[in-house]
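In what follows, a structure is listed as structure tokens, so that the remarks can point back to it.
Since the model is a prediction, treat every value here as computed from it, not as a measurement. Each chain gets a letter, A, B and so on, in the order its sequence line appears, and its residues count up from 1.
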Amino acid sequence: MNPYEIDVYALIYDLVRQIPEGYVTTYGAIAKALGDIRASKAVGEVLAMNPTPIIVPCHRVVMSDGSLGGYTHPEGVRKKAELLRREGVEIIGGKVNLKKCFFNDFKLKIRPFEVFRDYQKRISEKIRLEDYDFSAIVGVDLTYNGRYGIAAVVVFDEKGNPEYVRYYSKKTLVPYVPTYLAFREYPIIEEVSRDLRGYLFFLDGHGILHPRKCGYASHVGVELDTPSIGVAKSLLVGNIVIESNNLAKVLIDDEVRGYAIYDKGRASVYVSPGHKITVGSALRETMKVKKYKIPEPTRLAHYYTKLGKEMFKNRKLLPERLLETPL
DNA sequence: GCGACAG
DNA sequence: ATCTTGTCGC
């Protein structure tokens, strides 16, 4: 089972089509069917993008307490209530009675988040936390336009100067769900990053500072077999242990998984090794390229991501077509 | 009431 | 991440 071929958006729309007229389900019930209750917010986001309302009856998905939740329609949630009433679902005090009309008999062949967790376990077993040589540095970042991800990959030369930027866009199959970021973003950067094996990758997210020791930066590092570092703006898991004015260790089970760098008494970024680098070297390499709050590789990539998005909108950047510009 | 999660 | 108004500082 190739995890990168699983279309979670399509699975969600398929599940919603199974809800019969006169019944409702909840965002959480769909998330559980997909294999992780934590995906419930993402279910709501995916339904808000429903390309075929009524055909995919997303008005039949409500909150776990029976309240209606939202509805992306000019008339808003009033339309959701009208559709449900027309189908015979009673709404009293703004709530449906889930005891009477709760549908949970979903049929599905795969639970994507179970597949993803199994895959993360396999990836985490391949992580090497020793220092390997690298030729130069690469910074990666993504932005989104609907379901299309737009990646900017900034490649530096041996002296540390930005040399060129690559742009690439592709439709994403997976919504953002905490702890599964790599399944959303890796397929978009895979093709433009393959030939950069041997570079040190800076990625926007955590490395081993992850509940299953398999964050985005580790995932990318292992898949591309290249050194990688995760630099995140906020913490996903871990306990902070202050070391000095501007540094703290981040521990999981008494193990140092990364560092928090502080600027003026405030955490600026969290650094953790992805693959083929030690936790100490990840910190040192990050400090070397940190001029502002965000280290230069990902800071520049983030800047170019905005240009990439404009080009995407203007049809100068087409889906699954590589664009490269010298800097 | 508590806890609350990268992008 | 995105959206969107408002404010601060160069």
Side-chain angles (χ1 to χ4, degrees), chain A residues 8-9 27-28 31-32 34-49 63-65 70 72 113 116-117 120 123-124 139-153 169-189 201-221 228-240 250 252 257-261 264 267-275 282 286 292-295 297-299 301-306 308-310 312-313:
Chain A
V8 176
Y9 286 83
Y27 299 98
K32 278 185 196 165
L34 295 169
D36 197 328
I37 182 65
R38 291 181 181 85
S40 51
K41 277 190 194 124
V43 170
E45 289 169 14
V46 170
L47 295 186
M49 300 171 74
M63 310 276 276
S64 60
D65 67 352
T72 305
F113 293 101
F116 294 164
R117 282 194 298 277
Q120 285 179 325
I123 293 269
S124 70
V140 180
D141 193 29
L142 285 92
T143 187
Y144 288 86
N145 190 214
R147 275 186 65 176
Y148 282 86
I150 296 123
V153 178
S169 77
K170 191 176 175 179
K171 198 172 184 178
T172 180
L173 302 182
V174 181
Y176 170 70
V177 179
T179 77
Y180 302 97
L181 176 62
F183 296 96
R184 175 169 172 81
E185 307 212 329
Y186 178 67
I188 298 167
I189 66 164
F201 276 64
F202 278 84
L203 297 143
D204 222 328
H206 294 290
I208 62 168
L209 192 44
H210 179 277
R212 292 177 291 280
K213 210 170 181 171
C214 187
Y216 175 50
S218 296
H219 196 124
V220 171
S228 64
I229 295 174
V231 181
K233 293 180 285 294
S234 63
L235 198 56
L236 176 61
V237 281
N239 304 307
I240 304 285
V250 188
I252 299 179
R257 295 281 191 97
Y259 289 97
I261 301 173
K264 308 160 200 145
S268 80
V269 288
Y270 300 87
V271 179
S272 59
H275 181 51
T286 300
Y292 308 105
K293 174 177 160 141
I294 307 296
T298 44
R299 195 185 133 262
H302 188 254
Y303 170 78
Y304 288 112
T305 237
K306 292 173 191 168
K309 188 174 185 169
E310 282 313 303
F312 181 80
K313 288 182 182 173

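- Figure legend: cation-pi geometry between A:Arg147 and A:Tyr9, with NZ or CZ positioned under 6.0 Å from the six-membered ring centre and within 45° of its axis.
- Computed from coordinates, the A:Ile294 CD1 to B:dG7 C1' distance equals 12 Å when rounded to whole Å.
- For A:Tyr303, the ring pair (Phe, Tyr, Trp, His ring centres under 6.0 Å) test picks out no residue, with sequence neighbours left out.
- Summarising the geometry, the separation between CD1 on A:Ile150 and P on B:dG7 is reported as 18 Å, rounded to the nearest angstrom.
- Secondary-structure stems of DNA chain C, taken as three or more successive Watson-Crick or G-U wobble pairs (i with j, i+1 with j-1) under a 3.5 Å distance threshold, are lacking entirely.
- For the salt bridge (charged side-chain N to carboxylate O under 4.0 Å, His left out) condition, no pair includes a residue of residues 175-187 of chain A, sequence neighbours left out.
- In this structure, the side chains of A:Val250 and A:Ile240 come closer than 4.5 Å at one or more pairs of heavy atoms.
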Between the protein and nucleotides 3-6 of chain B, which nitrogen or oxygen pairs come in under 3.5 angstrom?
| unit_1 | atom_1 | unit_2 | atom_2 | d |
| --- | --- | --- | --- | --- |
| B:dA6 | OP2 | A:Tyr176 | OH | 2.8 |
| B:dA6 | N7 | A:Thr179 | N | 3.0 |
| B:dA6 | N6 | A:Thr179 | O | 3.2 |
| B:dA6 | N6 | A:Leu181 | N | 3.4 |
| B:dA6 | N1 | A:Tyr216 | N | 3.0 |
| B:dA6 | N3 | A:His206 | N | 2.9 |

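- In this structure, A:Lys170 has no side chain to side chain donor-acceptor pair (under 3.5 Å) partners at least two apart in sequence or on a different chain.
- A:His206 contributes a side-chain N or O that, together with a main-chain N or O of A:Ser234, makes up a donor-acceptor pair within less than 3.5 Å.
- Looking at residues two or more places apart in sequence or on another chain, you find a side chain to side chain donor-acceptor pair (under 3.5 Å) between A:Asp204 and A:Lys233.
- Scored by the side chain to side chain donor-acceptor pair (under 3.5 Å) test, A:His219 finds A:Tyr4 as partners (sequence neighbours excluded).
- Every residue was checked against the side chain to side chain contact (heavy atoms under 4.5 Å, CB included) condition with A:Lys41, not counting sequence neighbours, and none meets it.
- For A:Phe312, the ring pair (Phe, Tyr, Trp, His ring centres under 6.0 Å) criterion is met by A:Tyr148, not counting sequence neighbours.
- A:Arg257 places a side-chain N or O within donor-acceptor distance of the main-chain N or O of A:Ile208, the cut-off being under 3.5 Å.
- Residues passing the side chain to side chain contact (heavy atoms under 4.5 Å, CB included) test with A:Arg212, sequence neighbours excluded: A:Arg117, A:Gln120, A:Thr179, A:Tyr180, A:His210.
- Secondary structure note: stems in DNA chain B built from 3 or more consecutive Watson-Crick or G-U wobble pairs under 3.5 Å do not occur.
- No donor-acceptor pair closer than 3.5 Å links the side chain of A:Ser40 to the backbone N or O of A:Tyr27.
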Starting at the 5' end of nucleotides 2-9 of chain C, put B wherever the base has a protein heavy atom under 4.0 Å, S where only the sugar-phosphate does, and a dash everywhere else. S-------
